[in-house]
Asker: 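Provided herewith is a single structure, encoded as structure tokens, for subsequent inquiry.
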Amino acid sequence: MTGKPLNPRGTKYDKWTFPVFEMGVVGRARYEYTTGQALGRFLAGLKEGKILGTVCDKCGRVFVPPRMYCSYCFREVDRWIEVKDEGVVVTAVMSYIAADRSRLKEPVAVGVVKLDVPGYKFDDHFFPGLMHYLCGFSEDDVKSMRAFGARVKARWKPPEKRTGSITDIECFEAVRP
Amino acid sequence: MTGRNLNFKHRVAVVGAGLTLFRSRMLETPQELAWLAAKQALDEAGLTLKDIDCVVIGSAPDAFDGVHMKGEYLADGAGGVKKPTVRVFVGGATGVFVPIAAWWHVASGLCKKVLAVAEEKMSHAAKPHTQYVFRYIWDPIVEKPLNPNLIWIFAMEMHRYMHKCGVKKEDIALVSVKNKRNACGHPSAQLCMPNVTVDDVLKSEVLVWPVQLLDISPTSDGAAAVVLASEEEARRITDTPVWVKGIGWTLDTTHWTNRDLAYPEYVRRAAEMAYRMAGIDNPRKQIDVAEPYDPFDYKELHHMEGLGLAKKCEAPVLTREGVTQRDGDLPINPSGGLLGVGNPIAAAGLMKVAEIFWQIRGEAGARQVKKPVYTGLAQAWGDLMQAGTVIVMGI
Ligand SMILES: [Zn+2]
């Protein structure tokens, strides 16, 4: 096969004097993302301690995170709905690494929570759901999959510390009967 | 020629393939890698660049190579200069999307001979780690503030699959062992591990439970290329053209927290499209060898089920029974897959298409499967469990 591998550590390959040329990010690029019509209101709801979704009455779907349109019926959603800040864990994992792949001192549990909406029932194929940190679960709870199906409730930051961010919820906490 | 809702003018064949070494760090630039693979594919087809009408380039996020407009950048090495050239990109599904796009160039009658090249150089995104680049895949408003690592979603999908199907980590590790051993027959392979065991996988570093280091393919650099031609041209070029029998692709929504992760719907739909075109109604019996996308070991199982090569939750059973071994009844990833050969994203998908090409021609050398091969399949997947791309090839 063709091609010449560098030494795995990236040190100099015998014949080539400059095998690697390092350069940082140009300037200090930062993004300012638009929150949009649906997520803008969703974030405002979080600041007030509410989880908001949107509803398409044609197909009956409840969208959390909310959308301003139903991508299935391809029409505008009909209304906003406040969903419960509790639900069940549909999947859970234990992360031992950070975003940059460095090891965390303490592992964190993360998962997807299927949220309760009064008056609605959802199957596994489409449901209002959020990814978030899970708290109150041990490593063994996650590894043994006991966390699956567990009831959880949002643990909110105190109102004065909320900024209108998904992190206004600290985590979804196990509800102990 | 018409399949139910598919219309095309010309049959299309693959007539040559090329690959570079797959390694975690390659000396060559992305353009040079593209050139090495493209040249080999042309040589194998007995063609020169002058014979090529159109060029299709595939590459995943620009951020890996660290060059914006990577299609334009790669065109020089991929043979695309002063020709109708296009780059396609559907994340990890890109590698199989490249020959799909090349197919429609030829099937439509627009071009007669197309050079299709895929390249990826993940090692350029060196600091703090290649994984960091994946940060921009997440939703910027509701996900990125949680500081996620990309492996989170795959761990969530793997665990959901394990939960729903009652699969054990030991069974999933068998995939990694098979593919890392198979890779020892591949001259491009980055991770040939002839003596690796299930125990090694289970004892490797835990990244995001249930995902451990040896459950994942490595980060890699590399390139792959194939040449596609119309029936008339193909018969002139070679006595052994490999026909593209069916193609399919689908994209699901980025809102992955609203759907069940236990079953890859996006692959099923892509497969159904390809099977309809290829006249396949029983893939388990009609596909002789398959290269489903395996950046993670559970993904091979997951995709076998989406492709209908196994029933729901049945792929781990077939794996345990040895059905998916190179000498088994349904060899899966005889190349060694991404887990063994390596994962230069777009190039890895096209490597699978090249493998099926060589398997059907009986040119896979040490990797040649035992059973006769008439029909083979390659599949890739990408983005937030969204994109499915499938190609069925045969004699
Ligand atoms: Zn609707």
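None of these values were measured; they are calculated from a predicted model.
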Asker: Heavy atoms under 4.5 Å from chain B: which residues of residues 68-78 of chain A carry them?
Answerer: A/Y72

Asker: What part of A/L130 gets within 4.5 angstrom of chain B, counting heavy atoms only: side chain, backbone, both, or neither?
Answerer: backbone

Asker: Pick one of side chain, backbone, both or neither for A/R67, based on which atoms fall under 4.5 Å of a heavy atom in chain B.
Answerer: side chain

Asker: Sort B/L150 into side chain, backbone, both or neither according to what part of it lies under 4.5 angstrom from a heavy atom of chain A.
Answerer: neither

Asker: So which of A/V110, A/T167, A/V108, A/I169 actually passes side chain to side chain contact (heavy atoms under 4.5 Å, CB included) with B/L146?
Answerer: A/T167

Asker: In terms of heavy-atom proximity below 4.5 Å to chain B, should A/E22 be classed as side chain, backbone, both, or neither?
Answerer: side chain

Asker: Please classify the contact between A/F122 and chain B as side chain, backbone, both or neither, with a heavy-atom cut-off of under 4.5 Å.
Answerer: neither

Asker: In terms of ring plane angle, is the pair B/H163 and A/F148 parallel, tilted or perpendicular, where the classes change at 30° and 60°?
Answerer: parallel

Asker: Would you mind reporting whether A/T2 and B/K39 have side-chain heavy atoms less than 4.5 Å apart?
Answerer: no

Asker: Go through the steps for B/W152 and A/Y133 under the test ring-ring contact (aromatic ring centres under 6.0 Å, His included), then give the verdict.
Answerer: CA-CA 11 Å; B/W152 284 14; A/Y133 291 105; 5.8 Å; yes

Asker: Is A/A92 close to chain B through its backbone or its side chain, or both, or neither, when contacts mean heavy atoms under 4.5 Å?
Answerer: backbone

Asker: Would the distance check show the side chain of A/D100 and the main-chain N or O of B/P128 forming a donor-acceptor pair, the cut-off being under 3.5 Å?
Answerer: no

Asker: What I want to find out is whether B/R160 reaches A/D124 closely enough, with some N-O distance under 4.0 Å, to be called a salt bridge.
Answerer: yes

